[in-house]
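Before any comments, here is the structure.
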Amino acid sequence: MLNRRNFFKFGLAATGVMITTDYALAAPRRPLYQGGKDYSPVTGKERKAIPSACWQCVTRCPNVGFVEDGRVVKVEGQLASIRTLGKVCAKGQAAVNQVSDPDRLLYPMRRVGKRGEGKWKRVSWDEALAELSGQLKKLKDEGHPEKFMFHYGRMKGSSSKIVKTFLANYGTGTIGNHTSICEGGKWTAQEMTWGKHYDNWDLDNTRYVLNFGSNCLEAHTNHVPIAQRLIEAVAARRVKLVTFDVRLANTVAKSAEWVPIKPGTDGAVALAMCHVIMDEDLYGREGKDFLKYCKVTKNNNVGVEEKIAALKGHLAKNTPEWAEAISGVPASKIRSVAREFALARPAAIISYRGAVAHYNGNDTERAIQMLAAITGNIDNPGGRCRGVGPKWHYPHGPKNKPKAKKLKIVDGLKGEIAFPTHHSSHRVFDVIKDGSLGRPDIYMWYCYQPVYSNPQVNENIALLKDEKIIPFTVCITPFYDESAALADLILPDATFLERWDWEDMVSPNQIPEFYIRQAMVQPPAEVRDFKDVCIELSKRLGFPLGYASAEEFVKISCDMTPKVKKAGGFEYMKKHGVMVDPNDKPSYYGYRKRVDPKKLSSTDVILDKATDVYWNWKKSKAKSLEEARAKGYVHTKYAYKGYVGQKIGSEVYAGFKPDKLNKSGYFELYSELLEGKGFPAMPTYTPIQEHQDMRAGDLILTTYKVNVQTHSRTQNCKWLTEIYHENPAWINPATAESIGISDNDTIRIKSGIGMLETRAYVTPAIVPGVIAVSNHCGHWEYGRIASGKRTETSQEDPTLELKWWTRNGAHPNWIIPSKPDPVNGQMCWMDTVVSVSKA
Amino acid sequence: MTNIAVEATATGTAKEAVAATEEAVPTVKNMTPAARTIAIDEAMARSGLYGFLALIYRQEPTQQLLEQLEGPAYRNLLLDIGIDVNKDIAEAGSTREEVIQELAVEYAHLFIGPGKHISPYESVYTEGGEAGIYGKATVAVKHFIESVGYEYQSEFHGLPDHICVELEFLQSLTCMEAHMYREHDPDAVNQLRIIQKDFINMHMVKWVPVFCKEVIDTATLSFYRAMARLTADFLALEIEEANGTRGRNLKDPRVLSQ
């Protein structure tokens, strides 16, 4: 007879008294939904979970790969990561497609016939590296190592250290990056204001978010961490997010308000907001306190009241009405947002390429820094903070390095750019073509697409194809892309799921997280991690680096880094993937630390009278103390490397340590460096001449990114390209009507250098007078999925069985000219004036 | 089957208690405090029963266990469910040492051997001609348990699908369920109940009733007969609970069979 009541009375009595727990089984310590071990429901085999790090974009989220029978079958987020809180984005999940791409390069390839002809033969690694090291040795023996140019697109963490050690020991400093087509200009503006770049926003603690031109919920250098925390703030804490954008991007869709704005005018709006805040005395105690650490006048010895007066004076003309006429943003809106922002306390301002990739982008970013500074929202909880990442220790390679020589070809043509602190590498082909600054004999690129990712694609192809201008071209890539097509030698690189690295991307909450990338599977066939190739090249060229492989480099680094070693070193990192020191506290207000007087007492440390900076002259290029004193801090090359502290009043503070430029330790809104080169010292709005000269009917072409693709590297991932494979041009209905265009029409977009044919997407989600084309589509190489080209077999291609889409979009870079910001060299992606007509 | 209302607890009313138990599947989201208390008690009671049964099959009865069972706290509760502990113990021997030894001999005779015995491992019952120890079912049970997030203790030297492990698993899950009621976490409660239901239906129901019947038919001592009967009866209740058929007419075609 079943009597539940009696059963349960006994059962309840039995608990905790006579029964034991945890005899055979240990209960899970994680929340239930996170599950335990992973078994394939189909095969029953255990999947090994291998913590690693993504590389689909620069955020480099920690991830976990699931491997079954030596294959990566799934990628998920790393639950233990404080940065990503267990998430990866769609791109991260689609990493699985990278490994299994049927168009992967599996062997080194050597060009046969003319460059660009498309004829290739396979060569062994021995052959490939014998030829390459032979060429490199020849250059070095001739005394011209600088004629070996290395150009990378994405190279971070330990990859950057190993490869740069190889280059330094070889003796070349002719190194290009991609930063100018990214947001290099933002970094330069930051170097002029608060020193070493990278801003983070403490969204966990903020009360208001103002966003100029960033689509961070879809694309951002710290995408998943920032997007999560921003959504958390907006949805859970009802933090108000106001976004200025020319387009209703998905970040705008999640904002409380979209403020449409004319391209390139964000600087005017930011200055007008500063005007409102100063004029109405809304800077508050936080603003006043922070002003002590700001330079807003030529003379440093002024009190806060004088600084306030100086700011008011500078901003007097930047009224909301003035900004309205320039930007189209109503003056009342500028006032209300400025007031909200100032009174939120604390508030964060996000800014990115939409605001910065313009001819006047440098001062736009400086104006935005000013907005944060005058309200005290710099390096504070809830504000715009100095980015914090983990500090790895690592082997530095051979002690006796040659003095590296370099061709000065990555900073634009002579005199073109005033402060190319992050170079203007996208100009390199124009500079090589010009020839007056020299030309490399060997041009090698790695994780980069000089042809495709840069503006003026036609000119890129023409230059790279010319065997007389650059005699030897070498490409390192996992996949055959538009640039590889113009290489003489292709070395097949491993995908990131097959590589070892330590990683160091910034945390969103001011607490550093150490993490590694470990190989989930072995690279197939003869594919090799380029870092291992560099290590071998170093041996062949006679300067072994001191470690046998990238894996060993990571292991040594784990042992050398105190916090990591303490946690358990390499074995710990392999097992857990991520490590955070539980004793670490979030880092804020670093600038207020007082400098230890012992550091000032060294005889090499001198006080610069002009700037009140304490600096160690020996770390600069000055040859003597007298020279250092005579020239002074600002005018001594590399003086910033010796920065020790900033004297303010009678104290010496850590201040805002300079990087790349001889800035003082103040948060500089008044820049003597800029003044010295004929630019306005304080943030100033300069209209874009091209836009002033527009004729009736002209439009401004702008580009943007979406959440499931990156610029050029993800279109071979079929899961991603299935979602996004077309990029019609967004155009406002009023604008469309005025040029006689309807939705879905084929249109022609014509710039000064070319014409692009694409489809129109007529939508009110973009301001009138602007046409927007994303930069993800239009590959003509990079595999059958990205390019839409079928394989050359007579039968149906089984790998394309599920490919239902037929359109491939259009690549806007063909018609965008290569223009640098004259201050910092940033590529002005968002300025191109075009005319649009129906095809 | 009659639907017997659970006796009201100190903090609830009889009416609420009846109302709470009349639902075949409790709705967790909008529980009144009284209903929550009842749910917690029920989950803990199940946990206690599972734990007790796990203990019985895990090892020979100890002096301590016998003393507790004979003690006033449990003797009457056990009588209410048809188990006369004193009689069972008296049957096993006249002195305490004798009882413990006889129970140990019966334990071995039933569950270990040597020679013919009633195998306490799922894989022996479920694989037809291929039955043996550490079979496919053993792996399936191990995978099921590990997928939820449990780990086998390194000190545990038994086989993964021993009946005491399966019972311990349910003991832990039901204990967690009670905890999740306390934590007001309806999603976790639902997830735990699904895991319990799946494990009962995919594994326990396939062999435990047969195992129990064998023990009842084979045992020489009434103690183990009683324990096997208790196991079978409790599992039958659990199966009903898991499949939402409690208190319902099983001949009703509207009742879903899972």
Side-chain angles (χ1 to χ4, degrees), chain A residues 1-51 64-69 73-74 76-80 85-86 236 575-577, chain B residues 1 4-7 41-42 44-52 54-55 58 64-65 68-69 73-74 77-78 80-83 136 139-140 143-153 156 158 160 162 164-165 168-169 171-172 175-176 180 187-188 191-192 195 230 233-234 236-237 240 246:
Chain A
M1 149 89 174
L2 301 174
N3 187 319
R4 283 182 84 245
R5 186 185 101 179
N6 291 337
F7 272 15
F8 287 177
K9 275 168 101 175
F10 171 69
L12 209 50
T15 60
V17 179
M18 67 170 97
I19 61 173
T20 54
T21 53
D22 299 338
Y23 176 77
L25 303 173
R29 268 164 292 178
R30 280 182 179 162
L32 207 57
Y33 68 84
Q34 291 180 4
K37 281 194 179 178
D38 202 18
Y39 294 98
S40 166
V42 175
T43 66
K45 292 183 192 178
E46 190 189 348
R47 294 175 170 177
K48 292 213 89 36
I50 299 184
V64 177
F66 290 90
V67 177
E68 190 183 312
D69 279 343
V73 295
K74 185 80 161 76
E76 290 183 2
Q78 168 58 271
L79 295 162
L85 304 174
K575 183 167 180 208
H576 297 272
Chain B
M1 307 288 168
I4 299 164
V6 169
E7 190 174 63
D41 282 352
E42 183 170 311
M44 283 313 295
R46 292 168 62 216
S47 185
L49 267 165
Y50 277 118
F52 174 70
L55 179 61
R58 174 186 305 147
Q64 190 194 20
L65 176 68
Q68 283 181 311
L69 291 177
Y74 296 102
L77 291 173
L78 286 164
D80 286 343
I81 52 176
I83 298 175
K136 288 199 187 115
V139 176
H143 285 189
F144 187 110
I145 290 174
E146 286 175 341
S147 311
V148 176
Y150 283 78
E151 283 173 12
Y152 284 80
Q153 305 271 30
F156 173 64
H162 191 287
C164 79
V165 178
E168 186 185 324
F169 184 49
Q171 169 197 5
S172 181
C175 184
M176 239 198 274
M180 291 307 169
D187 293 332
Q191 194 179 4
L192 283 159
I195 295 170
L230 174 59
D233 289 349
F234 177 53
L237 272 183
E240 266 184 25
R246 175 157 62 90

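The chains referred to below are lettered A, B, ... by the order of the sequence lines, with proteins before strands, and numbering in each begins at 1. Note: hydrogens, waters and symmetry copies are ignored here, and every other heavy atom, side chains too, is used.
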To the nearest 0.5 Å, atom CG of B:L78 lies from atom CG of B:L230 at 8.0 Å
Smallest heavy-atom separation, A:V64 atom then A:A49 atom, equals CG1-CB, 3.7 Å
message: Please report whether the ring centroid of B:F234 lies less than 6.0 Å from that of B:Y50.
response: yes
Greatest number of non-hydrogen atom pairs under 4.5 angstrom with chain A, of B:R58, B:M180, B:Q191, B:Q64, falls to B:R58
Turns out that what part of B:Q171 lies under 4.5 Å from chain A's heavy atoms comes down to side chain
Taken to the nearest 0.5 Å, the spacing of A:Q78 CD from A:H576 NE2 works out to 9.5 Å
Residue from B:M44, B:H143, B:H162 scoring the most non-hydrogen pairs under 4.5 Å with chain A is B:H143
Bottom line for B:A73: the part with an atom under 4.5 Å from chain A's heavy atoms is neither
Rounded to the nearest 0.5 angstrom, the CD1-CZ distance for B:I81 and A:R4 is 13.5 Å
Applying a strict 4.5 Å limit to non-hydrogen atoms, the region of B:S147 in contact with chain A is both
Applying a strict 4.5 Å limit to non-hydrogen atoms, the region of B:M176 in contact with chain A is side chain
